[in-house]
Amino acid sequence: GRRTVACVPDSAGVDARHPNGARPLLLPPGVTWDGSSSGVPGVPGVLTFAAGNRLPAATTGSVADTRRGFTAGAWLTPGAPSGVPAVALAQTGPDGRGFDLGLTSDGRWQFRVRSASGIAVVTAPIRSEPGHAVYIAGVADAVNRELRLYVNGSLASVAGFTPARSGAPDGPVTVGGAPALSGISRPWGGQVGNPVVAQAPLPRNALSDLAEGMFFWTEGGGLD
């Protein structure tokens, strides 16, 4: 049966420099923007998802029209490898079209776009230890018909794809998993910082600007 979930709208954003977009996220119980986990203080702009989080955070409607060019990116801090795929950021329509950004079952970064022509995928190996923040961005270039995956600002993988011509996804953007009839599919275990979905195939220098939100600080300063 259907469940009633009490969510908190985050309409203010993290601070004046990092406001929320036109489609604010609804945060499920136990998930906040401060990156805290099990009572341990975190850092602003970070969502933490653990085994107890049964639902992803979600917007009230779609953010990008995936028939056109778009970009999805976030600072991702995965937990220990689980051997199953995990989705950090996704948008899925009722007909299955859309995208997801996260990890494959064998522990590779992955950006997938699903359209009428099938599924296009770009992947890249993880070169950091669990618990280390990495900026991952997927770019769908509808003009050049390319999918591009960037890891910490460097182009890691390119693949061709055919954008959908009709039936744009009208589902919400989810952070922390993909939507499913049971509530959540491929849940993310770990942290997601400064998630962004933009209606444009952003170039590398613009991705660097997004990544410079710098939500993951070391005690000595700079990015961890």
Problem set entry | Candidate pair V192 and V46, rule side-chain contact (heavy atoms from CB on, under 4.5 Å), full reasoning | CA-CA 6 Å; V192 179; V46 178; over 6 Å; no

Minimum heavy-atom distance [X]-[Y], with the two atoms named:
{"X": "F70", "Y": "Q199", "value": "CB-NE2, 4.0 Å"}
{"X": "A140", "Y": "F111", "value": "N-CE2, 4.1 Å"}
{"X": "F161", "Y": "A120", "value": "CB-CB, 3.3 Å"}
{"X": "P195", "Y": "A74", "value": "CA-CB, 3.8 Å"}
{"X": "A124", "Y": "A156", "value": "CB-CB, 3.7 Å"}

Can you name the side chain to side chain donor-acceptor pair (under 3.5 Å) partners of [X], sequence neighbours left out?
{"X": "N152", "result": "none"}
{"X": "N205", "result": "none"}
{"X": "S105", "result": "none"}

Problem set entry | Modelled atom types, side-chain donor and acceptor of T92 and R97, under 3.5 Å |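 Their side chains do not contain a donor-acceptor pair, so the 3.5 Å distance test is not met.
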
Exercise. If we ignore angles and hydrogens, is there a donor and acceptor under 3.5 Å between the side chains of T48 and Q191?
Worked result: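 Side chains of T48 and Q191: pair found under 3.5 Å.
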
Under a 4.5 Å cut-off applied to non-hydrogen side-chain atoms, are [X] and [Y] in contact?
{"X": "I119", "Y": "V113", "answer": "no"}
{"X": "P85", "Y": "T104", "answer": "no"}
{"X": "T66", "Y": "P163", "answer": "no"}
{"X": "L47", "Y": "L25", "answer": "yes"}
{"X": "R148", "Y": "D141", "answer": "yes"}
{"X": "V175", "Y": "L89", "answer": "yes"}

If Ile, Leu, Val, Met, Phe, Trp and Tyr residues are connected whenever their side-chain heavy atoms lie under 4.5 Å apart, and connections chain through other members, are [X] and [Y] in the same group?
{"X": "V87", "Y": "F49", "answer": "no"}
{"X": "V63", "Y": "L27", "answer": "yes"}
{"X": "L202", "Y": "V158", "answer": "yes"}
{"X": "V197", "Y": "L147", "answer": "yes"}

Measure the [atom1]-[atom2] distance between [X] and [Y] for me, rounded to the nearest 0.5 Å.
{"X": "T174", "Y": "R186", "atom1": "OG1", "atom2": "CZ", "result": "9.0 Å"}
{"X": "L103", "Y": "T123", "atom1": "CG", "atom2": "OG1", "result": "11.0 Å"}
{"X": "L149", "Y": "L155", "atom1": "CG", "atom2": "CG", "result": "8.0 Å"}

Do any N or O atoms from the side chain of [X] and from the backbone of [Y] form a donor-acceptor pair under 3.5 angstrom?
{"X": "R112", "Y": "L101", "result": "no"}
{"X": "T71", "Y": "A200", "result": "yes"}
{"X": "S157", "Y": "V122", "result": "no"}

Problem set entry | Of all pairs that satisfy salt bridge (Lys or Arg N to Asp or Glu O under 4.0 Å), the ones with a partner from residues 188-199, not counting sequence neighbours |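 Output for this query is empty, none listed.
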
For this session: Could you go through the side-chain contact (heavy atoms from CB on, under 4.5 Å) check for T162 and R145 one step at a time?
Result: CA-CA 6 Å; T162 302; R145 299 198 169 195; 3.7 Å; yes

For this session: Just grab all the ring-ring contact (aromatic ring centres under 6.0 Å, His included) pairs involving residues 134-159, residues at least two apart or on different chains.
Result: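 Matches after skipping sequence neighbours: W75-Y135.
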
Exercise. Out of V173, D65, D100, T59, which residue meets the side-chain contact (heavy atoms from CB on, under 4.5 Å) rule with Q91?
Worked result: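 Result for side-chain contact (heavy atoms from CB on, under 4.5 Å) with Q91: V173.
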
For this session: Please list, chain by chain and in numerical order, all residues satisfying salt bridge (charged side-chain N to carboxylate O under 4.0 Å, His left out) with R108, sequence neighbours excluded.
Result: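 Salt bridge (charged side-chain N to carboxylate O under 4.0 Å, His left out) list for R108, sorted by chain: empty.
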
Exercise. With under 30° as parallel and over 60° as perpendicular, where do the rings of W188 and W109 fit, or are they tilted in between?
Worked result: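 W188 vs W109 ring planes: parallel.
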
